[in-house]
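Worksheet for the structure shown next.
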Amino acid sequence: MATMRAMVLDRPGTPLVIRERPLPVPGPGELLITVSACGVCRTDLHVVDGELPFPKLPIVPGHEIVGRVAAIGAGVGGFSLQERVGVPWLGATCGTCPYCAEGAENLCDTPVFTGYTRDGGYASHTVADARYCFPLGEQGDDAEIAPWLCAGLIGWRSYRMAGDGKTLGLYGFGAAAHILAQVAIWQGRRVFAFTRKGDTAAQDFACSLGAEWAGASDEPPPEPLDAAIIFAPVGALVPAALKAVKKGGRVVCGGIHMSDIPSFPYSLLWEERHVMSVANLTRADAHEFLAIAPKAGVKCEITRYPLERANEALLDLREGRLQGAAVLIP
Ligand SMILES: [Zn+2]
Ligand SMILES: [Zn+2]
């Protein structure tokens, strides 16, 4: 019998374990994909730590999947065997709830999420709903493209929510920020990077990608900013970012989970400053970003880990030891 390998989370708070499983057969509407690379996202840490409610258990994490079509389920059109495809966080939506009906499928009432409520890409193979898979063409390295599938897509949605201002602050200079900084600079915007205090490696990294200024997250930027995006899961950054934006400025929280936001004086929000969160992605976001990223010459800085070392990759992300993104190679 053909088999596959997967790193499995049996219950939150425990390490992933490698398991051999029977190779699945794609059902109607599904693709079986041979995974060639899967990025490690901060959301995976939230799943592993039990900070997101009701995961499917056991679960195979991973929602930044690049692979090739190995088998095509009944009724699937538009994909061919061996075609390179990407699988994102949004695994499926209902298509009929009020949110789906008005084009906000990212807010669907009964969504399915890859690597959270259905098995994801920390594996040699995965099965995905073909309607939520994207053709990736043949340009670029599989592992270097993998972080596009979440850090890129949800980063892009956050970036659009931040508006058209010329000056943009990025709090937490990890996978998403390093991608978005490249897009923003390509579009002629000015980028200001905020990192943990004393993280000069991340500050130098931001400047090497074209950020105009980099400093600690409790430092004021050299001038008030049009907008800021918070990628770090730290609630205290919300008042910090509100202080950094100008009148009418926007603060966008790009993560799925954040520590509590400390109370702050109304004067920080006053003068029409906005705070908002970004949830998930729509397929339209993905099509936009996947068209723009190659034009902008987005190049991901990655560290590769063999699939079996997923726990180590998660730990390195947790400890802030990574520059850019971790990517698992089965
Ligand atoms: Zn829906
Ligand atoms: Zn993610």
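Just so you know, these numbers come straight off a predicted model, no measurement behind them. Order of appearance sets the numbers: ligands from 1, and atoms from 1 within every ligand. Only this structure's heavy atoms are used, side chains among them; waters, hydrogens and symmetry mates stay out.
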Taking atom types as modelled, is there a side-chain donor on Tyr122 or Arg5 under 3.5 Å from an acceptor on the other?
-> no
Given atoms SG of Cys41 and NE2 of His63, what angle do they subtend at the Zn ion (ligand 2), to the nearest 10 degrees?
-> 110°
Using 30° and 60° as the class limits, which term best fits the ring planes of Phe113 and Trp89: parallel, tilted or perpendicular?
-> parallel
Output field for angle at the Zn ion (ligand 1), Cys97.SG vs Cys108.SG, rounded to 10°, should show 120°
Ion pair Arg118/Glu30, N-O distance below 4.0 Å = yes
Do the numbers put Arg283 on top of the ring of Phe134, so that NZ or CZ is under 6.0 Å from the six-membered ring centre and no more than 45° off the axis?
-> no
To the nearest 10 degrees, calculate the angle at the Zn ion (ligand 1) involving SG of Cys94 and SG of Cys100.
-> 120°
